[in-house]
A.B. asks: 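Quick one: the structure is below, questions incoming.
Side-chain atoms are counted along with the backbone in the values below, which use heavy atoms only and exclude waters and symmetry mates. Letters A, B, ... mirror the listed sequences (proteins, then strands); counts begin at 1.
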Amino acid sequence: MDAQTQHDVLIERSLDEQARQLFVKDFRSHLASQVVGGVPVAYYQVELPKFVAANGRPPKSKDEIRQFMLTNPYYQFWSGLQRTSQEMMWDSVIDSVERQAPALNARAKTLAAKAKKSTNLGSLRLNPDLEIPRYHTGVDIHIQPGGYHTEFGADDISAGAIYDRGVHIYLMGGMGSENDSLGRISSNWFRLEHPNLKPARILDMGCTTGNSTLPWGRMFPKAELHAIDVAAPVLRYAHARAVSLGIPVHFSQQNAEHTDFEDECFDVIVSHIMLHETSNKALPKVLAESRRLLKPGGIMIHLEIPRPDDVFEKFMFDWEAYNNNEPFSMGCRESDLIGLAREAGFDPEKVTFAQADAGLSSGQRNYSATGFLFPMLKAEKSAPVSQQRLRKAA
Amino acid sequence: MASPKLTKKPARATAKTKSKKAPVKVATKVKTAKTSGSKSPAVALVPLTSPLARTAKGKRPQYFHDPATDRLQSMLVALMAELSVTRDRLDTLERLIEKSGGPGRKLMEAFNASPEVEAERAASRAAYIARVMRPISHELDAMKAGGKS
Ligand SMILES: C[S@@+](CC[C@H](N)C(=O)[O-])C[C@H]1O[C@@H](n2cnc3c(N)ncnc32)[C@H](O)[C@@H]1O
C-alpha cells in the first residue's frame, strides 16, 4: 500500500525504485509487527529472570537493562535489522532523488518564482549566513546522509525531497498521505482547548518540509502562517511543496533559539518533534524565544516524541538515541518540560501537558508494543493585568 | 488502493552503472508532475555539483561480537530487497504480456539477448552488486574519513 499525496516536488519512482522503497516499507512493517515484539519476550522471559537470580532485585534503570540486553542474541539481531532498514530506507529514496534532482531543483525554482509574483502563495526567505547549530553538524540526524542542511549544489532541495519520501517509509505511512498527522493532532487539540480563538498569526518552528505546518493553514485559512527551520534545502522544498498544495506559508531560515521576529507578534507558536533534535542548552532558549514572540494571551504548543513511563519501554525508545543518531532524544525525554516552561517565564498555572495517541497500527510502531503517545507541552502567555480585566468585562 | 504514479520513462535510465565517482546524471527533460495544474514551460535544469551523500556522519554501532556478522546481516537484507524488486518487475512483465494476449512464457524462454542487451544487463548487474555490497562501501567510507565519520 502506498498512498502518499502527489505534489509537484515529490519524487517520481521508476519501477525498480518504487519496488525497492516498498520493500523497505514492508520490511519495516514486518519488523514492527512480527519481530520487535520478541524483544520484550527476550527481556521478560530470558534476561530478566537471569538478572533477578543474580542480583536479587529487578533492574533499577533503563541503562541497567541496556547493559545486559546488548548481549542478548535476539535483541542484537533485531537491532541490526532495524538499523539496516533505516539505512536502506534513505538509500532507496536517494536513488530517486539523485536521478531527478536537476529537474526537481528547477521545478522548485519555478514555483518560487511564481510565488514571488503572487500575493497569496506564501514566501521564502533564506539566510546563507545563518550558522547551522553544532547539534546538526555533529552527526547526521536519524542517519539521513548529509542531514537536513547539506547542499549538493546551488538551489538544492535534495534533503527535503529525501526527507519527504523517507519519513513516509519511516512510519510505514503512519503519518498520513501528507505526513501531516502531527500537525493535525496539535491543531485539533488547540481547537478543542480554545474553541473561540481565531489566531491571526501562527508560527511553526522546525518545519522541515512543512508537513505539520499545512494542517494549521487548512484549519485557519485566514491566519498569516509562518514556518522556520535552520536548513535551507528543506525550506526550499517546503516552499515549493506548499505552493503546489495551495497553502500559503511564509518560510524563513532561522534558528528557533533566537529569531528576527518582533516581540509579541504571534498568537500561536507550535513545533512538532523539533525539541529533541536540539540540545540541552538550546531547549530552554527555544521556550524563552517562544514566550518573547507570543502576544499576551498567545499559546504555544510543542509536540514531542513519546516518553513512556515504564522502564523497559524507556529502554526500547532509547534505541533511536544509540542507533539512529538522535543524540539529544534521551536528554529531551528526561527533561521536565513543564518545569522548563515555567523557568522560561510562563505562568505556572497556564502550563499544561497532554499526550495524544497517533493511532498507529501494530505494523507502524517501530519500538513499542503498547502504543505511541505523543506528549504536548502547552502554555499560554499571561495577558497583562489590564488586558485581563478588559477580557473579563467583555 | 491508490496505486502509485510511476514514471512513463522506463527504469533503464537508472540502470546504468552507478559508481560513487561517476558524474551525476542529468535528467534530459523537466517533467511537470501529472497532478500539477501549472503548465509552465520547461526551465533550465539545476544540476547537483556533487553526488548525494550515501553514508551518514556518525559512528555506526556494532551489533554482533564479530563485525563481519553486521556486514553479512545488512547484505542479506539488501539481497532480500533486490530479489523482491526483481519479483515485482517480473510480475509486471508477465501481467502486461498476459494482458496483451501475447505468448508470455514462451516468448520469455525463447528470448536471445543481443550484445547491446547483454551490455545493458551487465551495467545493471554492476549497479545491483554495488547495492548489495553497500555495507562494505560504508566501512570503506568510514575508514577513509579516518574514523571521524
Ligand atoms: C524531525 S524534524 C521535524 C519535522 C516536522 N516538524 C514534522 O512534524 O514532521 C526537526 C526539524 O527541526 C529543525 N530544527 C532543529 N533545531 C532547530 C532550531 N534550533 N531552529 C529551527 N529549526 C530547527 C531541523 O532542521 C529539522 O528540520
Side-chain angles (χ1 to χ4, degrees), chain A residues 1-4 6-8 10 12-20 22-24 27 76-77 79-81 83-85 87-88 90-92 94-95 97-103 105-107 109-111 114 138-140 143-147 150 152-156 158 162 244 322-323 325, chain B residues 1-7 9-11 13-15 18 24-27 29-36 38 40 42-61 63-64 69-70 73-74 77-78 80-82 84-89 92 131 134-135 138:
Chain A
M1 236 228 324
D2 183 37
Q4 195 172 3
Q6 184 63 42
H7 55 73
D8 287 333
L10 184 68
E12 289 165 4
R13 283 85 67 192
S14 71
L15 191 58
D16 285 2
E17 288 165 0
Q18 175 74 358
R20 215 164 266 129
L22 291 186
F23 168 81
V24 177
F27 185 69
Q76 287 178 339
F77 212 84
S79 231
L81 291 175
R83 165 79 186 206
T84 294
S85 80
E87 291 168 348
M88 288 173 68
W90 296 124
D91 213 50
S92 71
I94 293 171
D95 281 346
V97 175
E98 188 148 62
R99 179 170 67 81
Q100 295 164 61
N105 291 343
R107 215 177 283 157
K109 250 180 128 172
T110 308
L111 289 164
K114 185 173 144 194
V139 293
D140 288 342
I143 66 171
Q144 174 176 340
T150 306
F152 298 90
D155 299 318
D156 185 23
S158 308
I162 294 168
S244 171
Y322 291 107
N323 300 279
N325 285 359
Chain B
M1 206 166 73
S3 67
K5 290 252 150 47
L6 297 175
T7 5
K9 270 194 159 176
T14 49
K18 204 171 48 189
V24 179
K25 293 247 160 43
V26 174
K29 245 195 276 166
V30 179
K31 278 186 64 183
T32 33
K34 291 197 186 92
T35 48
S36 98
S38 57
S40 46
V43 280
L45 295 172
V46 185
L48 304 176
T49 46
S50 70
L52 295 178
R54 294 284 178 159
T55 304
K57 191 174 176 189
K59 192 172 160 29
R60 190 187 199 272
Y63 297 96
F64 300 98
T69 313
D70 290 69
Q73 188 191 41
S74 295
V77 184
M80 281 175 71
E82 293 311 305
S84 165
V85 168
T86 308
R87 290 167 66 117
D88 280 9
R89 247 194 121 71
T92 308
R131 199 170 281 117
R134 179 184 55 83
H138 273 190

A.B. asks: In chain order, what residues pass the side-chain hydrogen bond (donor to acceptor under 3.5 Å, both in side chains) check against A:Ser85, with sequence neighbours excluded?
C.D. replies: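 By the side-chain hydrogen bond (donor to acceptor under 3.5 Å, both in side chains) rule, A:Ser85 matches A:Arg28.
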
A.B. asks: I'd like to know which of A:Gly153, A:Gly147, A:Gly146 tops the heavy-atom pair count under 4.5 Å against chain B.
C.D. replies: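 Sorted descending by pairs with chain B, the first entry is A:Gly153.
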
A.B. asks: Test your reading of the model: is there a side-chain donor-acceptor pair from A:Asp140 to the backbone of B:Lys57, 3.5 Å cut-off?
C.D. replies: yes

A.B. asks: Using heavy-atom distances under 4.5 Å, tell me whether A:Ile162 contacts chain B through its side chain, its backbone, both, or neither.
C.D. replies: side chain

A.B. asks: Does a side-chain N-to-carboxylate-O contact under 4.0 Å join B:Asp70 and A:Arg83?
C.D. replies: no

A.B. asks: Any non-hydrogen side-chain atom of A:Ser244 less than 4.5 Å from a side-chain atom of A:Lys114?
C.D. replies: no

A.B. asks: Is the shortest side-chain heavy-atom distance between A:Trp90 and A:Pro145 below 4.5 Å?
C.D. replies: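 Side chain of A:Trp90 against side chain of A:Pro145, heavy atoms only: contact under 4.5 Å found.
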
A.B. asks: What part of A:Ser158 is in contact with chain B, defined as an atom under 4.5 angstrom from a non-hydrogen atom: side chain, backbone, both or neither?
C.D. replies: side chain

A.B. asks: Would you call A:Asp155-A:Lys109 a salt bridge at under 4.0 Å N-O?
C.D. replies: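 A salt bridge is present here (some side-chain N lies under 4.0 Å from a carboxylate O).
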
A.B. asks: I'd like to check the ring-ring contact (aromatic ring centres under 6.0 Å, His included) partners of A:Phe77; sequence neighbours left out, ordered by chain and number.
C.D. replies: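 Per chain and number, A:Phe77 pairs via ring-ring contact (aromatic ring centres under 6.0 Å, His included) with B:Phe64.
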
A.B. asks: Measuring heavy-atom distances to chain B, does A:Asn323 have an atom under 4.5 Å in its side chain, in its backbone, in both, or in neither?
C.D. replies: both

A.B. asks: In terms of heavy-atom pairs under 4.5 Å with chain B, which of A:Ala101, A:Ser79, A:Gly138 leads?
C.D. replies: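 Greatest number of close heavy-atom pairs with chain B: A:Ser79.
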
A.B. asks: Against chain B, work out which of A:Asp156, A:Leu81, A:Val97 has the most heavy-atom pairs shorter than 4.5 Å and name it.
C.D. replies: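 Looking at each option in turn, the highest pair count goes to A:Leu81.
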
A.B. asks: Does any heavy atom of chain B fall under 4.5 Å from the side chain of A:Asp91, the backbone, both, or neither of them?
C.D. replies: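 A:Asp91 touches chain B through backbone and side-chain heavy atoms alike.
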
A.B. asks: By a 4.5 Å heavy-atom criterion (distance strictly below it), what part of A:Val24 contacts chain B: side chain, backbone, both, or neither?
C.D. replies: neither

A.B. asks: Of the backbone (N, CA, C, O) and the side chain (C-beta and beyond), which part of B:Arg87 lies under 4.5 Å from a heavy atom of chain A, both, or neither?
C.D. replies: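 Neither part.
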
A.B. asks: Between A:Asn105, A:Ile143, A:Asn325, A:Thr150, which shows the greatest number of heavy-atom pairs under 4.5 Å with chain B?
C.D. replies: A:Asn105

A.B. asks: Measure distances from B:Thr92 to the heavy atoms of chain A and classify the residue's part below 4.5 Å as side chain, backbone, both or neither.
C.D. replies: side chain

A.B. asks: Is it the side chain or the backbone of A:Ala154 that comes within 4.5 Å of chain B heavy atoms, both, or neither?
C.D. replies: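 It is the backbone, since no side chain atom gets that close.
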
A.B. asks: Determine, for A:Glu98 against B:Arg54, whether the closest basic-nitrogen to carboxylate-oxygen distance falls under 4.0 angstrom.
C.D. replies: yes

